[in-house]
Amino acid sequence: MAQGGSRGHGGNDLLGLDDNAGPYYNSGQRAPANDDDLLNEYDIDDTETRVSTSRDAFVGGNSTAGLPGGPSRPGPQASVESLQPPTMLGQAGRNYSQTSDLNNYQRYSDVDDNRSDAGGYYAMGGNIDEDNVPGLPLNNKSKHRSRNSILSLGGGMIGRVKNTLGMGPEYSEMDLPLTETPAGRGHAQSVGTESLPPRKRTTPGSKFKFGIPGRGKVDPSTLGPRIIHLNNPPANATSKYADNHVSTTKYNIATFLPKFLFEQFSKYANLFFLFTAILQQIPNLSPTNRWTTVVPLGIVLLVSAAKEIIEDNRRRSQDAQLNRSPTRVLRGSRFEDVKWIDVHVGDILRVESEESFPADIVLLASSEPEGLCYIETANLDGETNLKIKQGIPETCNLVSSAELGRLGGRLRSEQPNSSLYTYEATLTMQTGGGEKELPLQPDQLLLRGATLRNTPWIHGVVVFTGHETKLMRNATATPIKRTAVERTVNMQILMLGGVLVALSVISSVGDLVIRNTSGDKLWYLLYPSINGAQLFFSDIFTYWILYSNLVPISLFVTVEIIKYYQAFLISSDLDIYWDKTDTPANCRTSSLVEELGQVEYIFSDKTGTLTCNQMDFRQCSIGGIQYAEEVPEDRKIIGEDDTGTGIYDFKGMEKHRRGGENAAQIHHFNTLLSTCHTVIPEIKADKPGVIKYQAASPDEGALVEGAVLLGYKFVARKPRSVTIELEGQRYEYELLAVCEFNSTRKRMSTIFRCPDGKIRCYCKGADTVILERLGVRDDIVEKTLLHLEEYAAEGLRTLCLAMREVPESEFREWWDVYNTAQTTVSGNRAEELDKAAELIEHDFTLLGATAIEDKLQDGVPDTIHTLQTAGIKVWVLTGDRQETAINIGMSCKLISEDMTLLIINEENASATRANIEKKLEAIRSQHAGGIEMETLALVIDGKSLTYALEKDLEKQFLDLAVMCKAVICCRVSPLQKALVVKLVKRHLKAILLAIGDGANDVSMIQAAHIGIGISGVEGLQAARSADVSIAQFRFLRKLLLVHGSWSYQRISKVILYFYYKNTALFITQFWYSFQNAFSGQVIYESWTLSFFNVIFTALPSFVIGIFDQFVNARLLDRYPQLYQLSQKGVFFQTHNFWSWVGNGFYHSVLLYFFSELIWRNDGILSDGTVAGHWVWGTALYTAGLVTVLGKAALITNVWTKYHVIAIPGSLGIWFIFLPLYATVAPRLGFSTEYAGLLSILLTSPTFWLMGCMVLPALCLTRDFAWKYAKRMYYPQSYHHVQEIQKYNIQDYRPRMEQFQKAIRKVRQVQRMRKQRGYAFSQTDESQARVLQAYDTTKERGRYGEMTSSRR
């Protein structure tokens, strides 16, 4: 990728995606740069001595012979001076590459100083390491890529504390708008500050880093090149490189306590109770026992800590499983099996086919000719195509372990950084005449996270391990996510705090008034003489403690436990369990479960998430006749009575090939499939009859496999020929020329001299480019077009196949032109080759069309359709090209045939702006004119998205996107995925969910409110970083519509119930203060009061929060519109909060004043004595308890055995607790208020009538009447569905759905112009080197290696 913004579109080419720079997903080859460009780019004085030349002695100019463990080492006393760091790194701070002989002086940090005229921060595609930016306020900060730290440095105490504790959000690239200059990094600083020493951190937390371990050390990218010694572990050990241990845990032993406490006390309720507990310790201030707040708060924190530890241990065990994966390391002269965690820098590894790379490796040799190998990087960048990597010629012959064991020398590598597409190093090898220095490029770098494909084995040397690998340098620490409900609860706690302060002020003023007006009459209270102001503030704190129970202390821990069990229920749900891989759902972050019910936007990856990344050859059309592998019964042709709409099976094709009208077309069609490609056949020695095809593109592999299915077997490839086998006979086709596929041509042609001696040009490509190059447009072409429409309507990927016979003389003339184009050195060779290809690609005869199924995961179309019905907008973010993405959008019902596609595919910023503004204006004018809005779908490619995400255009882009029912972003990078999520998150108050399966999706998953990982066949990087992991995309339907709706409704109800029950009981204390002269006297015994939330009303909250179902699972899935209730927050709005608190006030008034009336005159007993204060208080407590339990029963939707145990059971617990506690406690010297109470209380009929019947019934009559009126006269949508559920009413909608499906089918047939995806998905990189290197007729050598055909 291009550095800086001096080329292409300047600062606007933010991700280096201009045409000159080549495709974003290239092989990693850097764009050329000269010294003048670099001097201008980095503002360097060219008179200075470059560090790269003056310090070459340090970076490995000496031999390895003198190093410990090196070849011919002198002994254990050998000097290791060459391993010591330099005494002075010079003014540039060692920012530039020291590999001067490579002629591209790349900075070891990913940062270049920000210029005002360039996209600076994003000009590198976000691959930036701020730790090495001189003059940046956090350049010594241990946290990698933490741009949020800058924002928080001046952002008040909370911001400072968060950054001290490493808890700021971790998405440096995603937080700033694309072109905004990060704080503290201006143009003027690019030179002047580099000589300044780094500013030392004095913050106590600067020595450690929360989250990813090992990141609190000096950033290695600020150092000089690392020297890696080959076959010399002792020398490498002295450098103390990071080990290969990887951790995604949230805590470690050192960080758990401070990080956990900070997280807990960021909740206002816990701060409130901490303050209350401190007040209670002050003598003569608290009216209650001094431990009644400390003990419950301690229990709350302990339970929360236990939950966090359990969840983090689960992450740790998953990490351990990955770290214990096996690989093979060279020990001496043979390979031994070791665990990934035991791999070290400098080790030589052997990785075999289908295995993942355990670290970042420099490729030395492979089993394929010239050190070639294929890797799949879908887990890194989302690309499904296989990439070609190649070792350098000097090492590609190291195929045996003995040769590798004798290998000496050193590798001088750049330091670890986050750039996936660049790499710079030199390999110094000992040769006959001394040492030879060989340059290494990205072509030789195999990244951790990638997988070896279609290559039996490779040998490579480890350069980066563990958290220093490029994959992990792109990772972020596990973020702390807080839900919208938690934030709302925090605000509601503040509101309750406000109510509490108001009550305290009223009571304090009342006390002052009473003392001043009636103090003489209340002589028995022994009022001391005290200053009024002092008394007022003393009273404020006293009443604060007295009314503190208004804020529920156990609310958060109750909610945490409920969420944990809801997560357990999700993990235990057999409906979202994938039996084929034995993979259940795994809810890794239980604190987010209720947000599953509020999702408004889903951002989905395509490959591996919506699709299986599996291509199957399904149908074809040859000569206007359709053939298919599986034919529907209603279209199967029996005999030869073809009416024009029937389909033959492949057996019918074989009959036609042997003697039908279109036999010649069928032969050429199948020949084209088996010869016109870049596939390599692999025959294993142990299975001589079985051929495995190595295809860089899964589409090409499917076409060749399809040809085999039709009897045309591709068996061998030589540099100048291909061999196919038909009916036991082998036919060799001489390959004369290849006109390669690229994204502009959208086709591939091969020119063969066929066995019959004729020269033919076979061409396959997108229908649009093939049809315009046909010689004649006859009836066959029209029939084929109809077939293409049908294939596209079924979501299949299509290709057109054509051919022409080329006269010998024409070919000779063309070959001269083509050969001249091949040898062009002016820099536009690709353009010249395209022009040459145009000269021969004309007057084709259409052979037919193919239809390949990019197999979707089961249930994806229905899932997306259902989610859209539920009011959720689905955006697909994929690395695939536009046609493929649209095609998948059609097949998975994201885009329907009645939608209008808005396509944005521009080359520059101005065109992108004009396109977006034009579409916005058209939509708004249509809307203003009262015209019915069409259903819209937006398709935008990666380059246009780069410009659309700029600060001055992002809002217009977002306005356009939110007007669309579906959005597809194609050819996007992993960074852009996260940027899109952050854009929506920043501007819309909506809950976002991101779902993906690869490491390239991790940043998107962590940027969203909820991250879902697909733990499928591929790597588990996304699943390990996600909040919830599932095995199939279709499971998202039940996860959101059922579990999400339930969780949100349950949590909402529990929280509101908590507010209600605390208000109902504890506000009685406020009413009592008006009668006790505001003396602070309490009604209830202190410990009994504390047990109200912890014991007597805890179980109802748990069962409601875990088992309640406002609608059952079947009907929630049947009526996805119900999801909008939770999505719009119907159950938990501000008016809900005040209505429940108001209801609590209402019940407290009834409870207090009616109990006063019933126990007037202190409750005169039959013997003339009075019952006393504590009898009345205990009776009132009982009445309050029965009332709130009755309210719990009233709001329960579904009664289970657990509800019976919890609600009546809690009352039973109280009646068991009361006599036991009232008997034992006074004897032990505490709760003496209960002494002598039981005999009076339990024998009083007034207690039983008031506490269990009269007052609860009086309170709940209004609630029952309100519930009845609401259901009968003002029902909400879920009330209707509850009636359907209760009476099992039959739903007649299936008939309507069948009718709608028929209508859609008619529309599909009527609408002829389709956006078809064509079945090419390989990258634009040249395949010529592959075709010229392979000769599969030669046998493999002793070690399984294949020698090059060019030797």
Side-chain angles (χ1 to χ4, degrees), residues 273 276-277 279-300 542-550 552-554 1061-1062 1064-1070 1072-1073 1075-1076 1079-1099 1151-1152 1155 1159 1162-1163 1165 1169-1189 1210-1244 1246-1248 1250-1252:
F273 287 113
T276 304
L279 287 180
Q280 282 185 315
Q281 309 310 308
I282 301 174
N284 302 322
L285 192 64
S286 173
T288 58
N289 188 296
R290 65 189 300 183
W291 304 112
T292 53
T293 302
V294 174
V295 173
L297 179 61
I299 293 171
V300 166
T542 297
Y543 284 111
W544 175 287
I545 295 168
L546 191 61
Y547 303 145
S548 63
N549 286 306
L550 182 66
I553 189 168
S554 58
K1061 65 188 178 74
N1062 279 33
L1065 187 75
F1066 298 125
I1067 291 300
T1068 55
Q1069 189 69 57
F1070 175 68
Y1072 181 52
S1073 64
Q1075 286 192 280
N1076 63 25
S1079 61
Q1081 173 62 35
V1082 295
I1083 304 176
Y1084 316 109
E1085 190 274 326
S1086 296
W1087 283 109
T1088 307
L1089 201 61
S1090 296
F1091 292 150
F1092 178 76
N1093 280 321
V1094 177
I1095 297 176
F1096 305 127
T1097 59
L1099 291 181
L1151 286 168
Y1152 177 76
S1155 68
W1159 293 88
D1162 238 2
L1165 302 178
T1169 60
V1170 293
H1173 173 82
W1174 299 111
V1175 172
W1176 164 67
T1178 308
L1180 179 54
Y1181 186 91
T1182 304
L1185 180 59
V1186 175
T1187 301
V1188 299
L1189 292 176
S1210 293
L1211 189 59
I1213 291 171
W1214 163 244
F1215 284 120
I1216 294 170
F1217 169 85
L1218 178 61
L1220 288 175
Y1221 187 78
T1223 302
V1224 174
R1227 294 182 181 179
L1228 296 178
F1230 61 92
S1231 299
T1232 53
E1233 296 91 336
Y1234 283 140
L1237 181 84
L1238 285 179
S1239 58
I1240 300 171
L1241 187 70
L1242 299 181
T1243 58
S1244 170
T1246 307
F1247 164 73
W1248 294 105
M1250 183 196 89
C1252 300

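To the nearest 0.5 Å, atoms OG1 (T1187) and NZ (K1061) are separated by 13.5 Å. L1185 CG to L1218 CG: the interatomic distance, rounded to the nearest 0.5 Å, is 10.5 Å. One finds the CG atom of L546 at 8.5 Å from the CD1 atom of I1083 (value rounded to the nearest 0.5 Å).
Applying the side-chain contact (heavy atoms from CB on, under 4.5 Å) test to F1230 and every residue at least two apart in sequence or in another chain returns Y1221, A1225, L1228. With sequence neighbours excluded, the residues satisfying side chain to side chain donor-acceptor pair (under 3.5 Å) with Y1152 are Q1075. In terms of the side-chain contact (heavy atoms from CB on, under 4.5 Å) criterion, residue partners of L550 (sequence neighbours excluded) are, by chain and number, L496, V499, L500, L503, T1063, I1067. Every residue meeting the side-chain contact (heavy atoms from CB on, under 4.5 Å) condition with A1098, not counting sequence neighbours, appears here in chain and number order: F1102. P1219 pairs by the side-chain contact (heavy atoms from CB on, under 4.5 Å) definition with L1238, not counting sequence neighbours.
Residues I1240 and T1243 come closest through the heavy atom pair O-OG1, 3.2 Å. Nearest approach of C1252 to V1186, heavy atoms of both residues: O-CG1, 4.1 Å. Closest heavy-atom contact between E1085 and E1233: CG-OE1, 3.5 Å.
A donor and an acceptor atom, one from each side chain of W1159 and T1246, are nowhere located under 3.5 Å apart.
Residue L1065 is tested with V1188, L1089, L1151 for a side-chain contact (heavy atoms from CB on, under 4.5 Å); the sole match is L1089.
Remark: the backbone N or O of Y547 is not paired with any side-chain donor or acceptor of Q1069 at under 3.5 angstrom. For the pair S1244 (side chain) and L1241 (backbone), a donor-acceptor distance under 3.5 Å is absent.
Taking the six-membered ring for Trp, W1087 and F1217 have ring centres at least 6.0 Å apart. For F1092 and F1066, the ring centers sit closer than 6.0 Å to each other.
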Begin with the C-alpha distance, continue with both residues' side-chain angles, and end with the deciding distance and a verdict on side-chain contact (heavy atoms from CB on, under 4.5 Å) for L1242 and W1248. CA-CA 8 Å; L1242 299 181; W1248 294 105; 4.0 Å; yes

Please evaluate residues T1182 and F1215 with respect to the criterion side-chain contact (heavy atoms from CB on, under 4.5 Å), reporting the C-alpha separation (whole Å), side-chain torsions for both, the decisive distance (0.1 Å), and the verdict. CA-CA 9 Å; T1182 304; F1215 284 120; 4.0 Å; yes

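Using a 4.5 Å heavy-atom cutoff, the side chains of R1227 and T1223 are in contact.
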Return all side-chain donor-acceptor pairs below 3.5 angstrom for residues 1170-1181, not counting sequence neighbours, or 'none' if the list is empty.
| unit_1 | atom_1 | unit_2 | atom_2 | d |
| --- | --- | --- | --- | --- |
| H1173 | ND1 | Y1072 | OH | 3.4 |
| H1173 | NE2 | V1082 | O | 2.9 |
| W1176 | NE1 | S1155 | OG | 3.2 |
| T1178 | OG1 | W1174 | O | 2.7 |
| Y1181 | OH | T1088 | O | 2.8 |

